[in-house]
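Accompanying notes for the structure given below.
Below, chains carry the letters A, B, ... as their sequence lines are ordered, and counting in each starts from 1. This is a predicted model, so every value here is computed, not measured.
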Amino acid sequence: MKKQGFTFEKLKIASFDFTCCEGCQLQLTNKESTLTDFFELLDIRTFREISSEKYDDYDIALIEGSISRQDEVERLTTIRSQAKTLIAFGTCACFGGVNSLKNKFPLKEVVAEVYPDMPVETLLVRKVSDVVKVDLSIHGCPVNKEEVERILVNLVTGSQVSLPKYPVCVECKELLNTCLFELGEICLGPITRAGCNAVCTTGKTPCLGCRGPSEEINMPAFLELIKERKLSQNDFQEKITFYNAFEAFTSYEA
Amino acid sequence: MKRDYTLDIHHLTRVEGHANINITVKDGELIDARWAIVETPRFFEVMVKGMSAERVPFLTSRICGICSISHSLASIRALERAMKIDPPDAAEKIRCLAMHGETLQSHTLHLFFLIMPDFANTPSILPLIHSYPDVVRAGLQLKELGNEISLVTTGRCTHPVSLVVGGLSKAPEKQLLLKLRTMIRERKPALDTACAFFRSLTIPLFIRETEFISLFNGSSYPSIGGRLISTDGVDRDEDDYLSMTNEYTRDFSTSKFTKLSRASSVAGALARFNNNYDRLHPKAKEVAASFGLQPVSHNPFMNNIAQLVECVHILEDAEALINSLLNMELREIKTSYKLQQGSATGAVEAPRGILYHHMETDSEGKVVHADCVIPTTQNNANIYYDLQAITEQACYAGKSDREIEKLCEMVVRSYDPCISCSVH
Ligand code: SF4
Ligand code: SF4
Ligand code: SF4
Ligand SMILES: [Fe+2]
């Protein structure tokens, strides 16, 4: 296919959803003014949410959601064997996401609370990389469509995919927002990977770290900041565990 | 005709979430017609336990990617009523505008991406970009408008940022509201194009009498809070939601079923229309009349048209809301509050119908018990019985296997089921 003087192969792509809200897949239908051009990049092989066509030959598989039932493990394993590039798509897929909050409770209790009179299968929530090899992660709850577009264009043109290494604070300060720490709030912006354009803090609500740790993370300094300002330990715990995106760091105590 | 027929649809396409349709007809007798939701449950009602009231709406919005604003506001309303918090007027108006944005986005997603391909005999919207460029463009313009309204009012189009207990964390800038009003005015012709297109289609005729449930407030088309009413004459207080829903489980479905006065009932655009016709904008009534839609309609396929009629109402009402917001000081947008023990229901009209969140807090404002009843859950029984009736009628009329399959898929889609939402 030819576009703006470039010849390229459309991406043979498939999109699958597991345990989640489908909000990340929904972003693929957003940004409507450029949507027809966006679809031009793609040869959509399977995307059950919007199409009745289903083909098993695809190069790229977008995996949305976390894994919480045995049939999902099997479905995911099959997809892995068919895809050349498997992308964990969104925070649920990358980190387990909000669904992981379930893991704080005994599974028996969890099921009994919602289905007192019926046996329902559920496993501990896992992120995609706990089950199969992940080639690329796109973070966000939900993913940022502009970033998705950029990454897919990179894949079409065969160029290097790069994600911001710096934290949300950098974007937030560029937007001249009043820092929520100045208002006595804990915000995870200093330790969270940027790329969302600081959307939460711009709306005056704290960053809960949906994009996971930034590469330049300085956890000890962050914990020191919380201690120094005498901010609530419970509030910090609630925030840092919200998306399960700081699993590797949650042993820290502020 | 003594025919055999089986239909086994695994993971129905062009719906949100995972569900199967299984139908068996033997010797002309319907043995079974099942609407089987197989979605993996997430257990939000457990996850919110122990969470601070402040954080809860950010969690519950993740019940659904399509109607995150509704879930956020249902939780917020439940928590505000439980802790006796009165949000400021301006915040309430902005929340209503946000609901309009979400419903417009959701209805247009359904009308153009999910059901238009059925009428055009294509697997998806993609081929229609070339065969019906004007209609698709109109649909995309309207969907974009819905998202833009949500973005301006809540900070993000999916999973709102600034909807908080007590009001709003940030008010939209007046400059953005002005731009939004212009965008609404400019996109009304797109809605005319959409209506003209849907008028050119033959909407299937299928009638099975049922009960329609929605919110009602007597003064405006319902959105956030109100009385719980039905076309069978039920009228109850918002906190009485359990007596409206009577949830029960079926062993083939991870989504529960509900009932009120009959074996099944319906929530959604058609239910709102049937219960609140008088409160629609005159232009919306005109469009309804042009489709021959009047209350009480019992044809589930007319839910699609009721959605279109609501889009007309939304554009008019959103413009009026913006006009009144432009005349207000948008400074007082959040009430300060004291965390306290309490329990209450928050009911809102999500795009797919009445949504209940019930929240109980302790003296520190932490949630000790939560219950969510989702619109699609309230439609499951009706879908189930519709599938049986439509299969019987279609077999009796001698329709081909392929035609029956298509009718079954279409009747399910007409409810715009939001399956992962229903298995929260
Ligand atoms: S990451 Fe967030 S938006 Fe995406 S599927 Fe999970 S809960 Fe939904
Ligand atoms: S509000 Fe949060 S993201 Fe913004 S500068 Fe402060 S800590 Fe960083
Ligand atoms: S501000 Fe934080 S929580 Fe919000 S989208 Fe960005 S990374 Fe995610
Ligand atoms: Fe529930």
Could you tell me which portion of [X] (side chain, backbone, both or neither) has an atom closer than 4.5 angstrom to a non-hydrogen atom of chain A?
X	answer
Gln105(B)	side chain
His369(B)	side chain
Leu109(B)	side chain
Thr60(B)	neither
Ile129(B)	side chain
His71(B)	neither
Ile63(B)	backbone
Leu126(B)	side chain
Val136(B)	neither

Contact class of [X] relative to chain B, heavy atoms under 4.5 angstrom:
X	result
Cys20(A)	backbone
Phe242(A)	side chain
Val110(A)	both
Thr122(A)	side chain
Val125(A)	neither
Ser33(A)	both

Hey, does [Y] have a side-chain heavy atom less than 4.5 Å from the side chain of [X]?
X	Y	result
Cys21(A)	His159(B)	yes
Phe43(B)	Val111(A)	yes
Phe58(B)	Thr205(A)	yes

Between the main-chain N or O of Gly97(A) and the side-chain N or O of Arg62(B), is there a donor-acceptor pair closer than 3.5 Å? no

Quiz item: Does any N or O in the side chain of Lys256(B) come within less than 3.5 Å of the main-chain N or O of Tyr115(A), such that one atom is a donor and the other an acceptor?
Solution: no

Counting heavy atoms not belonging to Gln70(A), are there more than 12 under 6.0 Å from its CD?
-> yes

- request: Would you indicate whether Phe119(B), at its atom CZ, is surrounded by more than 12 heavy atoms from other residues, nucleotides or ligands within a distance under 6.0 Å?
  value: yes

Distance (rounded to the nearest 0.5 Å) between [X] [atom1] and [Y] [atom2]:
X	Y	atom1	atom2	result
Ser51(A)	Ile125(B)	OG	CD1	11.0 Å
Phe113(B)	Phe47(A)	CZ	CZ	9.0 Å
Glu22(A)	Cys418(B)	CD	SG	7.5 Å
Thr40(B)	Phe18(A)	OG1	CZ	9.5 Å
Leu26(A)	Cys157(B)	CG	SG	7.5 Å
Arg156(B)	Cys200(A)	CZ	SG	4.5 Å

Given the options [options], which has more heavy-atom pairs under 4.5 Å with chain B than any of the others?
options	value
Lys54(A), Lys31(A), Gln27(A)	Gln27(A)
Glu238(A), Lys204(A), Glu109(A), Lys239(A)	Glu238(A)
Asp235(A), Leu208(A), Thr19(A)	Thr19(A)
Val120(A), Thr29(A), Leu101(A), Asn103(A)	Thr29(A)
Ile50(A), Thr36(A), Thr201(A)	Ile50(A)

Nearest heavy-atom neighbours spanning [X] and [Y]:
X	Y	result
Glu32(A)	Asn147(B)	OE2-ND2, 2.9 Å
Ser162(B)	Gly203(A)	CB-O, 3.9 Å
Lys143(B)	Asn30(A)	NZ-OD1, 3.0 Å
Pro41(B)	Ser68(A)	O-OG, 4.2 Å
Thr202(A)	Lys170(B)	O-NZ, 2.9 Å

* Please name the residue in the list Arg48(A), Gln25(A), Glu49(A) that meets the side-chain contact (heavy atoms from CB on, under 4.5 Å) test with Glu16(B). =>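 The side-chain contact (heavy atoms from CB on, under 4.5 Å) with Glu16(B) is passed solely by Glu49(A) among Arg48(A), Gln25(A), Glu49(A).
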
Selection from [options] maximising heavy-atom pairs under 4.5 Å formed with chain A:
options	result
Arg55(B), Arg137(B), Glu45(B)	Arg55(B)
Met47(B), Glu409(B), Gln141(B)	Met47(B)
Ser68(B), Ser52(B), Gly50(B)	Ser52(B)

Can you see whether Phe44(B) has Lys102(A) sitting over its ring - NZ or CZ less than 6.0 Å from the centre and within 45° of the normal? no

### Residue pairs passing the salt bridge (Lys or Arg N to Asp or Glu O under 4.0 Å) test where at least one lies in residues 110-124 of chain A, sequence neighbours excluded
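Sorted result for residues 110-124 of chain A: Glu113(A)-Lys49(B).
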
Sorted by chain and residue number, the side-chain contact (heavy atoms from CB on, under 4.5 Å) partners of Met183(B) (sequence neighbours excluded) come out as Glu144(B), Leu145(B), Glu148(B), Arg187(B)

*Polar side chain donor-acceptor pair, Ser52(A) to Arg14(B), under 3.5 angstrom*: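 Yes, side-chain donor-acceptor contact under 3.5 Å.
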
query: Glu53(A) and Ser124(B): side-chain donor and acceptor closer than 3.5 Å?
result: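 On atom types as modelled, these side chains do not qualify, holding no pair under 3.5 Å.
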
